[in-house]
Amino acid sequence: MAQDGAGVSVSIIDTSTGRALLAIDDRLVQPVASLGRVLLLIEVAAQLEDGRLHGDRLQRMARDTATGAGLWQFLQEPTMQVPDLATLVGATADAWATNALLTTVGIDAVRARAESLGIERTALIDRVRDRRGPDDAPDVSVAAAGELSWLLRGLALGEVVDDAVSNRVLGWLSLAADLSLVAGSFGLDPLAHRSLDHGLQSVAVTGSGPGVRAEAGVLRGPASSVCYAVTVRFEDDSLQRRLAVVEALRTMGTEVLEVVHAPARR
């Protein structure tokens, strides 16, 4: 992909030790579409745990509407509780739910939380929009693969804010139904993969947009556990080029799968 002109950033690390198994331009900052919603969910979880948020019901507002991913725009219920909206964001990258939560907690709080976690190259920089004008941020979020893999490792180890917050976020992300990229090679049921399946347990979060494909996740297997992230920015000028990117990410998924099944190396 890189030889074909794409921007590629990859990081795969051992969950237990943090040892880098693969790093390709892992400090390269690239757009990752809605993948930055992980940072939003961390702040929502933290505010639920410290009491600033409760079971508040948020109203579906015109300012929060955006076509694209998600289910709330197709549901009859005009209000939903914060934890339910976070569930929609984790499961389907719901655009309306993302914007409603971002309006409630504030993008400044999300940024401050990321800074407190030592996140410097990954950021949620704007709400989901149908169109981006000259006064809007060019992307919803940006990230470096190296930071994303470490962030997922922190969640897996219960170290992001604290164990309760990490578990909340992992619970929401474990519902993610998009297994079209790296996790598409794990052989799991895309609609039900929270429990062990042939010794595997996966959490994967994706971001997709024109010329952007990105994924970060955790895969536990019989031999080991790894955290991974990959971001690709490419010229999305043909279906063939897009399919080549998807195929390459699934090839990476096969490699990740082999690592968690392979006997431990001394």
| said: Using a 3.5 Å distance criterion without hydrogens, assess whether the side chain of Asp25 forms a donor-acceptor pair with backbone atoms of Ser9. | reply: no
| query | So with a 6.0 Å cut-off around CZ of Arg233, is the heavy-atom count from everything else above 12? | reply | no
| message | With clusters defined by side-chain heavy atoms of hydrophobic residues (ILVMFWY) lying less than 4.5 Å apart, directly or transitively, does Leu170 cluster with Leu196? | response | no
| field | Thr206/Asp178 under side chain to side chain donor-acceptor pair (under 3.5 Å): CA gap, chis, key distance, verdict | value | CA-CA 7 Å; Thr206 61; Asp178 182 11; 2.6 Å; yes
| query | Would Val38 and Leu155 count as a side-chain contact (heavy atoms from CB on, under 4.5 Å) if you check the C-alpha gap in whole Å, the side-chain angles of each, and the deciding distance to 0.1 Å? | reply | CA-CA 10 Å; Val38 175; Leu155 289 171; 4.3 Å; yes
| Taking only residues at least two apart or on different chains, which pairs with a member in residues 189-198 satisfy side chain to side chain donor-acceptor pair (under 3.5 Å)? | Ser174-Arg194
| Nearest 0.5 Å, what's the OG1-CG distance between Thr98 and Leu88? | 9.0 Å
| said: Any carboxylate oxygen within less than 4.0 angstrom of a Lys/Arg side-chain nitrogen, looking at Glu43 and Arg113? | reply: yes
| request: List the steps and the verdict of side-chain contact (heavy atoms from CB on, under 4.5 Å) for Thr122 and Leu39. | output: CA-CA 9 Å; Thr122 300; Leu39 296 175; 4.1 Å; yes
| message | What I'd like to find out is whether the side chain of Ser141 reaches to under 4.5 Å of the side chain of Arg37, using heavy atoms alone. | response | no
| Where is the tightest heavy-atom contact between Trp72 and Ala97, given as atom of each residue plus distance? | CE3-N, 3.9 Å
| message | Applying side chain to side chain contact (heavy atoms under 4.5 Å, CB included), can you list everything that pairs with Ala164, at least two apart in sequence or on another chain? | response | Glu49, Asp162
| message | In this structure, would Leu28 and Ile119 fall into the same cluster of hydrophobic residues linked by side-chain contacts under 4.5 Å? | response | no
| message | Strictly distance-based, threshold 3.5 Å: is any side-chain N or O of Asp84 a donor or acceptor partner for the main-chain N or O of Met80? | response | no
| Main-chain N/O of Thr15 paired with Arg153 side-chain donor or acceptor, under 3.5 Å | yes
| Hey, does the side chain of Glu147 reach the backbone of Glu120 with a donor-acceptor pair shorter than 3.5 angstrom? | yes
| Quick one: are Val105 and Val110 in side-chain contact, heavy atoms under 4.5 Å? | yes
| query | For Leu157, what are the other residues in its hydrophobic cluster, where any two members join if their side-chain heavy atoms are less than 4.5 angstrom apart? | reply | none
| said: Taking Leu179 as the starting point, is it possible to reach Val246 by hopping between hydrophobic residues whose side chains are less than 4.5 Å apart? | reply: yes
| field | Value rounded to 0.5 Å, distance of CG in Leu219 from OG in Ser225 | value | 7.0 Å
| task | Dump the intermediate steps for side-chain contact (heavy atoms from CB on, under 4.5 Å) on Leu257 and Ser185, then the final yes or no. | result | CA-CA 8 Å; Leu257 182 61; Ser185 294; 5.6 Å; no
| remark: Shortest non-hydrogen pair, Ala95 vs Val128, comes out as CB-CG1, 3.8 Å
| note | Rounded to the nearest 0.5 Å, the CG atom of Leu85 sits from the CZ atom of Arg57 at a distance of 9.0 Å
| field | Sole candidate of Gln30, Glu215, Arg213 that passes side chain to side chain donor-acceptor pair (under 3.5 Å) when paired with Thr231 | value | Gln30
| request: Step by step, work out the side chain to side chain donor-acceptor pair (under 3.5 Å) result for Thr103 and Arg127. | output: CA-CA 9 Å; Thr103 297; Arg127 62 177 48 240; 2.9 Å; yes
| task | Give the minimum heavy-atom separation between Ile13 and Ser11, together with the two atoms involved. | result | CG2-OG, 4.0 Å
| note | With sequence neighbours left out, the residues meeting side chain to side chain contact (heavy atoms under 4.5 Å, CB included) with Thr17 are Asp14, Arg19
| task | Examine Leu175 and Val169 and state if one hydrophobic cluster contains both, with Ile, Leu, Val, Met, Phe, Trp and Tyr joined whenever side-chain heavy atoms are less than 4.5 Å apart. | result | no
| request: Side-chain contact test, heavy atoms from C-beta onward, threshold under 4.5 Å: evaluate it for Val230 versus Leu249 and give yes or no. | output: yes
| task | For residues Met252 and Val10, report the shortest heavy-atom separation together with the two atoms involved. | result | CE-CG1, 3.9 Å
| query | What do the steps show when you test Thr79 against Gln59 for side chain to side chain donor-acceptor pair (under 3.5 Å), and what is the final call? | reply | CA-CA 4 Å; Thr79 65; Gln59 179 78 35; 5.5 Å; no
| remark: Scanning both residues in full, the closest heavy-atom pair of Ala86 with Val44 reads CB-CG1, 4.5 Å
| Distance, nearest 0.5 Å, that separates CD1 of Ile12 from CG of Leu22 | 4.5 Å
| query | In Å and rounded to the nearest 0.5 Å, what is the CG to CG distance from Leu152 to Leu173? | reply | 7.5 Å
| message | Can you list everything that forms a salt bridge (Lys or Arg N to Asp or Glu O under 4.0 Å) with Arg250? Sequence neighbours excluded, please. | response | none
| said: Through direct or indirect side-chain contacts below 4.5 angstrom among Ile, Leu, Val, Met, Phe, Trp and Tyr, which residues connect to Val142? | reply: Val29, Ile125
| Tyr228 with Val8, same ILVMFWY side-chain cluster at under 4.5 Å | yes
| message | Give me the atom names and distance for the closest heavy-atom approach of Gly211 to Asp236. | response | N-OD2, 3.1 Å
| query | Say you draw a straight line from CG of Leu101 to CG of Leu53; how long is it, rounded to the nearest 0.5 Å? | reply | 8.5 Å
| query | Side chain of Ser34, backbone of Gly207: donor and acceptor closer than 3.5 Å? | reply | no
| message | Does Arg52 have more than 12 heavy atoms from other residues, nucleotides or ligands lying within 6.0 Å of its CZ? | response | yes
| Leu48 and Arg168: side-chain contact (heavy atoms from CB on, under 4.5 Å), yes or no, with the steps? | CA-CA 10 Å; Leu48 284 169; Arg168 271 189 187 264; 3.5 Å; yes
| Is the number of heavy atoms from other residues, nucleotides or ligands within 6.0 Å of CD (Glu247) greater than 12? | no
| task | Please confirm whether the backbone N or O of Ala144 pairs with a side-chain atom of Arg27, one donor and one acceptor, at under 3.5 Å? | result | no
